[in-house]
Amino acid sequence: MANPQELEALTKAFSGLGVDEKSLISILGKSHLEHRTTFRERSPHLFIEDERSFERWDDHSINLLRHEFMRFENAVVHCAMHPWQRDARLVYEALRLGPQSYGVIVEIACTRSSEELLGARKAYHSLYDHSIEEDVATHITGSERKLLVALVSAYRYEGPKVREDTAKSEAKIVANAIKNGDKKNPIEDDEVIRILTTRSKLHLKAIYKHYNEVSGKSIHEVIDEAMRNDADHNTKNSLTRVIVTRADVDLKEIKEGYNSLNGVPLSQKIEDNANGNYKDFLLALITKD
């Protein structure tokens with residue numbers, strides 16, 4: 001999407017001056033993060049350089065384009081939006097939809113790098129004149145509040161060092177908390193919250209490995225048993241969110257994991273269950289180089 005003609009086509013589409021949807025799919029579907037950054041920077045009538053250093057899209061334009069691109073299930077608008085603004089808006093909307101959407105907050109807090117999560121928090125300040133932490137603490141009143149506030153506040157170490165002895169010790173703490181879950185909800189346990197919200201992702205992987213050794217059951221089995229009756233029914237929204245937000249990050253690993261778990265490629269599942277331009281756009285994102 002480096003050439004002027006493609007930038008002009010995108011600018012025209014997002015200015016509401018008529019949309020060639022097939023061209024839009026082709027251009028935006030094959031684009032990479034730096035291409036979309038260039039598009040935002042060269043479209044000052046659409047995006048404003050925010051004081052916190054991201055290209056901000058105003059709410060009025062977003063709402064108009066969501067209607068214009070309704071057949072794309074928000075995928076096109078989210079793809080063009082700055083990642084910080086997109087994540088901030090996703091958290092804001094999840095808080096207002098209620099407990100059935102709190103998984104979106106966990107997803108963002110746990111899959112973004114420390115810098116990406118910090119960027120989302122900066123964008124939230126600009127967009128809503130509140131902090132994410134403040135709004136999570138205000139809107140969530142259930143047992144998950146303490147954990148979610150800590151998750152969105154985290155700035156994790158992302159280096160390679162892991163202390164196996166510490167990981168093993170903390171695996172025992174988690175195992176005991178789950179074992180005694182009938183007396184106290186594990187997500188309200190201060191030590192469990194400390195571990196889940198401060199340890200690096202590599203350290204947490206080591207904890208999960210030792211958990212299996214300590215309890216004789218993988219952490220994934222325990223989570224599946226606990227979450228089986230609380231599945232997310234908003235499949236289409238979830239599919240759109242994951243593919244669009246991870247397209248430039250780790251979509252290859254997600255596709256491999258999906259194939260391994262389900263025995264069918266993600267592209268085939270989309271081909272069988274999605275329709276029209278929405279299907280074409282998702283397929284363009286997951287098959288691009």
Side-chain angles (χ1 to χ4, degrees), residues 87 90-112 114 117 121 131-158 162-235 237-239 241-242 254 257-258 260-262:
D87 284 349
L90 286 169
V91 171
Y92 182 86
E93 291 165 4
L95 285 171
R96 278 141 189 85
L97 288 171
Q100 72 274 15
S101 295
Y102 291 165
V104 175
I105 302 172
V106 176
E107 178 186 310
I108 290 171
C110 295
T111 62
R112 281 27 169 191
S114 293
L117 182 57
R121 289 157 64 186
S131 69
I132 286 183
E133 299 92 328
E134 178 184 357
D135 274 6
V136 169
T138 301
H139 285 84
I140 298 176
T141 58
S143 59
E144 62 272 73
R145 176 165 64 179
K146 189 187 294 186
L147 173 62
L148 290 178
V149 170
L151 280 176
V152 299
S153 306
Y155 192 89
R156 299 176 191 270
Y157 164 69
E158 294 179 341
V162 175
R163 290 189 58 181
E164 289 292 335
D165 56 339
T166 303
K168 189 168 187 176
S169 173
E170 291 179 341
K172 293 178 181 178
I173 292 173
V174 174
N176 286 332
I178 292 174
K179 181 180 179 181
N180 297 315
D182 57 332
K183 300 174 184 176
K184 182 178 183 180
N185 191 332
I187 66 171
E188 294 182 285
D189 185 289
D190 287 338
E191 280 296 276
V192 172
I193 292 173
R194 174 188 65 79
I195 293 166
L196 293 179
T197 60
T198 65
R199 292 305 189 188
S200 73
K201 292 172 185 177
L202 285 178
H203 187 99
L204 288 173
K205 285 183 178 179
I207 288 176
Y208 301 154
K209 178 188 71 175
H210 291 299
Y211 180 94
N212 197 0
E213 298 167 359
V214 170
S215 69
K217 184 180 289 189
S218 78
I219 191 74
H220 302 291
E221 291 177 281
V222 175
I223 292 172
D224 284 345
E225 291 170 4
M227 300 297 287
R228 188 171 294 140
N229 295 321
D230 190 27
D232 179 15
H233 295 291
N234 296 318
T235 306
N237 287 339
S238 301
L239 177 67
R241 184 180 66 251
V242 170
I254 291 173
Y258 185 92
S260 176
L261 285 171
N262 299 285

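Side chains included, hydrogens not; waters and symmetry mates left out as well; all remaining heavy atoms used.
Note: His203 NE2 to Ile207 CD1 = 4.0 Å, rounded to the nearest 0.5 Å. Between Asn237 atom CG and Arg241 atom CZ the span is 7.5 Å, to the nearest 0.5 Å. Rounded to the nearest 0.5 angstrom, Ile254 CD1 and Thr111 OG1 are separated by 8.0 Å. The OG atom of Ser215 sits 9.5 Å away from the CD atom of Glu213 when rounded to the nearest 0.5 Å.
Using a distance-only test at 3.5 Å, with no hydrogens or angles considered, no donor-acceptor pair links the side chain of Thr197 to the main chain of Ala154. Between the Asp189 side chain and the Val192 main chain, a donor and an acceptor come within less than 3.5 Å of each other. Judged by distance alone, the side chain of Lys201 and the main-chain N or O of Cys110 form a donor-acceptor pair under 3.5 Å. Looking at Arg121, its side chain never comes within 3.5 Å of a backbone N or O of Leu117 through a donor-acceptor pair. In terms of modelled atom types and a separation under 3.5 Å, the side chain of Glu191 and the main chain of Ile173 share no donor-acceptor contact.
No more than 12 heavy-atom neighbours from other residues, nucleotides or ligands sit within 6.0 angstrom of NZ on Lys205. A 6.0 Å sphere centred on NZ of Lys168 holds no more than 12 heavy atoms belonging to other residues, nucleotides or ligands.
Nearest heavy-atom pair across Asp135 and Leu95 is CB-CD1, 3.7 Å. Considering every non-hydrogen atom in both Ala171 and Tyr211, the closest pair reads CB-N, 3.7 Å. Nearest heavy atoms, Gly181 versus Pro186: CA-CD, 4.1 Å.
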Could you go through residues 144-152 and list every donor-acceptor pair under 3.5 Å that involves a side-chain atom there, pairing it with any protein atom two or more places apart or in another chain?
from, atom 1, to, atom 2, distance (Å)
Arg145, NE, Ile140, O, 3.4
Arg145, NH1, Ala137, O, 3.0
Lys146, NZ, Asp190, OD1, 3.0

key: Stepwise side-chain contact (heavy atoms from CB on, under 4.5 Å) test for Leu204 and Tyr208   = CA-CA 6 Å; Leu204 288 173; Tyr208 301 154; 4.1 Å; yes
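Scored by the side chain to side chain contact (heavy atoms under 4.5 Å, CB included) test, Arg163 finds Asp165, Thr166 as partners (sequence neighbours excluded).
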